[in-house]
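See below for the structure under consideration.
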Amino acid sequence: MFRQFADNPLMLLRWLLLIAMGLIFTLANSYFLAPGNLYSLGESFSLLGLVALGLALTMLVGEFDLSGGAMVAVSGLIMLKLGESNAFVGLAAALAFGAGVGALNGLLTLRLQVSSLVTTLGVMILLSGFAVWLEGGQGVSFSNYDLTDAFNASWLSVLSPRSVITIALFAAVGVALAITRLGRDIIAAGSHRKAATMSGANVASAVLSAFIASGLFAALAGALLAITLGRASSTFGANLLLQAASAAILGGIALSGGVGRPFGVAIGVLVLCVLNNGLGLIGASSPVVMLLNGAVLLVAVLVDGAPGQWLRRSRAAH
Amino acid sequence: MKQTLRTALGTLLTGSLLALAGAASAEGAQEGKKVIFLGADDICEYCAVYNGQIRKLAAAAGIDLEVVTNKFDAAQQATQIDQAIAKKPDAILLWTIDGTALFPSMRKVKRAGIPLLLTDVQPDQKMDDLWVQYSGGNYEEQGAKAAQLMVKAFDDKGMEKKGGVILITGIIGQAQTISMTKGFTETLAKLAPDLTILGSQPGNWDTGTSTQAAAGLFTKYGDQIKGVYAAEDIMMQGVLIAAERAGMDPTKMAMIGGGCEPVGIQNIKSGKQYGTVLQSPVDEATYAVQSLTDYFNGKEMAKSHYVPHPMVTAANVDQVCKPWPKD
Amino acid sequence: MSTQSRSAPLPGPLSGLFAPARVQATVIQIATVAMFLLACLTVDNYATASNIASILYAASTVGIAAVGLASVTISGNLFALSLGSTAAFASIIYIQLSGLGVIGALLGSLALGVVFGLIQGIVVGLLRCNAIITTIAASSLIAGLATAFSGGRTVLATGGPSWLGNGAILPGIPWQAVIFLVVVVVAELLLQRSRTGWELRLRGTNPAAAELAGLRTRRVVVLSYVLAGAGAAMAGALIAAQSGTGNMRVGADLDFSAIAAMLVGGVAISGGRGRIIDVAAGTLFLAVLTNILLVNNFAYEVQLMIKGLAVLVAVTAGALLSRKKR
């Protein structure tokens with residue numbers, strides 16, 4: 001097992017950061033491990049995790065979906081606008097919209113052979129405008145407080161409906177990538193597009209599925225957020241994209257594709273959430289929060305880059 | 001007789017001692033109380049001043065205040081409330097990033113039995129059984145006062161109250177933007193029915209964005225625009241630049257800003273901006289700490305306690321607007 | 001991926017303009033002019049000096065940042081996300097240094113941008129770290145430093161606007177637009193005619209081959225980030241000069257605006273393709289489009305949706321027009 005860490009310094013770093021931060025924050029404030037605080041950690045994990053998981057899938061096939069953050073805002077608005085009388089209708093509509101936009105992203109990328117960075121950027125701007133249009137200047141609210149209370153419930157003191165759904169999805173995606181044909185195609189398509197096509201992998205399905213999943217998961221995150229807050233606004237999800245990208249890459253997903261797994265992404269998400277949760281707990285000032293977020297990412301990036309490789313090579317030489 | 005006198009004196013003495021003791025505790029009960037303040041990030045200047053002030057004032061009152069900020073992200077604030085509840089403070093002071101989005105969290109706070117005091121953003125008052133008191137700005141009133149100022153500007157400059165005005169608003173979807181726009185448009189319609197709002201664009205609390213937005217409207221409507229309401233002085237700064245570039249003379253127009261910020265004071269004194277409506281972060285922070293102190297000392301508390309929003313023009317700018325403290 | 005088209009070549013000098021590699025850029029340039037002319041005919045006061053100046057002010061700041069960004073993209077490192085925070089910090093520094101006069105303050109802000117760019121360039125170019133995450137990390141670090149430095153406050157310049165903020169060389173042509181033009185010309189010459197520029201473009205086309213060929217790829221990458229940092233800092237300084245204020249909200253949408261301008265103009269995100277002229281064209285296209293939308297008082301949501309569509313349509317059209325026939 002330790003050989004695994006030696007071969008993959010980024011993974012070692014993730015775990016080290018997580019454990020170190022956990023210890024530091026527990027020492028700084030004993031409430032860090034309080035059930036109420038772990039519950040709140042689960043909530044932020046759920047929001048960032050779903051978006052990061054979807055983004056990670058698109059990165060695995062060698063693409064990139066920039067529209068996740070904007071999708072969170074739009075799907076929340078759809079959820080509440082159509083779900084006022086029947087929440088299931090709203091949820092179904094939001095998820096269908098997410099899957100549909102994901103399919104659009106996938107098709108544009110496949111047919112046009114233009115980088116997905118470009119197409120999803122355009123879609124992102126479109127969605128932002130759509131969100132502002134949907135909210136009609138007022139934002140949309142939900143008065144079904146029984147439902148919001150249900151989603152704000154705590155199970156076993158630390159879990160919530162959202163965190164359970166997120167953990168389940170991470171597990172499901174992890175299993176799917178490992179054992180299903182589609183999963184293997186996704187990874188093959190990312191590792192080497194041409195070779196994958198020649199060896200018979202269904203690259204088009206893989207790419208399309210990745211984008212549909214990305215749209216779907218972001219929509220789910222947005223819908224769940226809206227039910228939990230009882231509110232949807234075009235301002236939601238603004239910070240999510242960059243954080244999701246950081247979490248995915250911190251989690252070992254390579255930008256070039258084909259490398260990394262959902263479990264790594266979960267740890268990456270957890271690292272960022274623990275960092276911000278802990279800083280919020282000790283009441284750190286905003287410059288400190290920004291500096292530390294930047295520092296953690298910088299360390300991760302250095303470990304993943306040449307300094308980390310140098311470490312690996314010097315180990316291998318022994 | 002002597003016995004009665006002694007008893008009477010004794011009672012009187014005990015009574016006064018008790019009264020004094022009671023008065024003393026009713027004044028110092030906030031000392032040592034743990035309060036968690038959930039506010040907005042320093043990236044917003046007003047918020048930065050507020051945060052600095054509230055730390056100082058709380059310390060002076062002996063309150064153990066912890067300040068937790070968020071990047072204008074309602075989801076983040078909701079998780080911060082969960083964290084705060086876990087720490088079991090004596091009270092929570094909340095600056096809601098989005099009043100409505102935080103209702104489920106406020107319900108959690110109530111169920112946890114922690115008193116909740118609100119500052120700066122007042123959510124829908126239908127739900128006011130969730131909080132003890134709201135203290136701070138009244139954004140709708142600010143918008144209304146801005147409309148009054150605009151009408152006053154027209155009168156002072158001898159302009160007929162006919163023609164067009166434009167609005168440069170804050171970020172669309174934010175509670176403050178919605179309230180200020182509502183207050184302004186409703187009051188203007190009442191006071192000057194012949195003044196039409198030709199156009200409204202968001203300035204996003206940013207000078208550059210406001211310059212571009214105002215420039216576009218000046219191109220389209222030109223001389224038809226007799227006045228501009230920019231919800232914040234920093235945005236009015238952008239409007240003034242656009243106006244001058246378009247060859248218009250701001251001193252002959254009704255330029256109304258908001259907040260009485262340092263840049264607004266400068267522009268009012270130079271005559272380019274007619275007026276602004278005060279919202280002082282120092283006032284808000286003071287009221288918030290007062291609100292906490294009153295609560296802990298068991299005083300009677302009104303549901304809302306608004307900070308003053310005096311209208312400011314060149315005549316009273318020095319008396320009304322104090323420079324924002326640097327800490 | 002071959003870029004050869006099998007359609008009949010167009011006659012004469014036009015064939016170069018509509019060659020697959022250039023067609024998107026050319027179409028955008030034509031579209032910009034067409035939009036502008038249409039607006040002049042249909043909107044009152046459109047061709048006035050003040051409106052044209054307004055377009056140019058908006059284009060100059062985003063454009064200079066986009067030119068710097070383009071050197072990162074063309075050299076193969078996708079894009080940088082630290083432009084916004086660099087611009088914010090630079091705007092604050094510019095105002096703080098305004099006592100030194102326009103040139104002094106400008107040089108001070110540029111120095112800031114160069115230093116931050118250099119650090120990112122070293123991390124990406126010499127230490128071979130992930131380009132995008134490095135710039136995300138840098139963005140956070142720079143924003144943290146700037147917030148600590150400024151306390152979140154807006155800094156106000158004393159005295160009136162300078163020639164940089166307000167002045168024009170001709171009615172309707174502000175000095176900032178002249179600076180934009182100079183930057184574009186210098187960068188275009190650097191990229192197209194100098195050895196360094198050639199190495200930068202080659203690295204973008206095929207990083208592995210460029211290295212094997214012995215090109216100074218690492219130096220070129222560091223340079224690209226220095227240019228990006230300088231471009232962002234100059235944009236921040238110009239914004240500050242216009243308004244006489246500097247704060248953390250400057251440059252808030254600069255990152256994605258610069259990326260959009262660059263992509264619409266025809267620079268390929270994968271690297272190696274595109275010219276600085278294209279970046280300028282894309283910037284002007286979006287600036288004219290935004291101006292038309294604002295002048296017609298379109299609702300904010302409509303503006304966003306149209307801009308998003310414009311990006312999609314531009315890159316889609318570019319991709320379709322430059323594809324090989326199957």
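Not measured: the values here are computed from a predicted model.
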Open item on the list: Rounded at 0.5 Å granularity, tell me how far CG in B:Asp42 sits from CZ in C:Arg153.
Closed with: 9.0 Å

Task: Inter-residue atom distance C:Ile306.CD1 - C:Phe298.CZ, 0.5 Å rounding - done: 5.5 Å

Chain B contact via [X] - side chain, backbone, both or neither, heavy atoms under 4.5 Å:
X	value
C:Thr290	side chain
C:Gln303	side chain
C:Ala287	neither

- [ ] Residue by residue, scan residues 261-274 of chain B and write down, ordered by number, those that have a heavy-atom distance under 4.5 Å to chain C; if none do, write 'none'.
- [x]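 Under the 4.5 Å heavy-atom cut-off, B:Pro262, B:Val263, B:Gln266 qualify.
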
Task: Parallel, tilted or perpendicular: ring planes of B:Trp95 versus B:Tyr46, cut at 30 and 60 degrees - done: perpendicular

Open item on the list: Below 4.5 Å, heavy-atom pairs only: which of C:Ile292, C:Ile239, C:Thr245, C:Val43 has the largest tally toward chain B?
Closed with: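 Heavy-atom pairs under 4.5 Å are most numerous for C:Thr245.
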
TODO: Report the option among C:Val250, C:Asn296, C:Thr147 that has the most heavy-atom pairs separated by less than 4.5 Å from atoms of chain B.
DONE: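 Ranked by heavy-atom pairs under 4.5 Å with chain B, first place is C:Asn296.
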
Open item on the list: With a 6.0 Å cut-off (strictly less than), is the heavy-atom count around CG of B:Asn316, excluding the residue itself, greater than 12?
Closed with: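 Check passes, neighbour count above 12.
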
Task: When B:Gly199, B:Ser210, B:Ala215 are compared by non-hydrogen pairs under 4.5 Å with chain C, the top option - done: B:Gly199

Task: Among B:Ile234, B:Leu198, B:Ile166, B:Thr211, residue most engaged with chain C (heavy-atom pairs, under 4.5 Å) - done: B:Ile234

TODO: Check the side chains of B:Gln212 and C:Ser54 for a donor-acceptor pair under 3.5 angstrom, ignoring hydrogens and angles.
DONE: no

Task: Any residue meeting side-chain hydrogen bond (donor to acceptor under 3.5 Å, both in side chains) with C:Asn51, in chain and number order, not counting sequence neighbours - done: B:Thr219, C:Asn291

Task: Quiz item: cation-pi between B:Arg245 and C:Tyr57, 6.0 Å / 45° - done: yes

TODO: Go through the atoms of B:Tyr221 and report whether side chain, backbone, both or neither lie under 4.5 Å from a heavy atom of chain C.
DONE: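 Only the side chain of B:Tyr221 comes within 4.5 Å of chain C.
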
TODO: Please look at B:Gln201 and chain C and tell me whether the side chain, the backbone, both or neither of the residue comes under 4.5 angstrom of a heavy atom of that chain.
DONE: side chain

- [ ] List the steps, then state whether side-chain hydrogen bond (donor to acceptor under 3.5 Å, both in side chains) holds for B:Thr169 with B:Thr181.
- [x] CA-CA 7 Å; B:Thr169 71; B:Thr181 308; 5.3 Å; no

TODO: Applying side chain to side chain donor-acceptor pair (under 3.5 Å) between B:Tyr50 and each of B:Thr119, B:Asp283, B:Asp120, report the one that passes.
DONE: B:Thr119

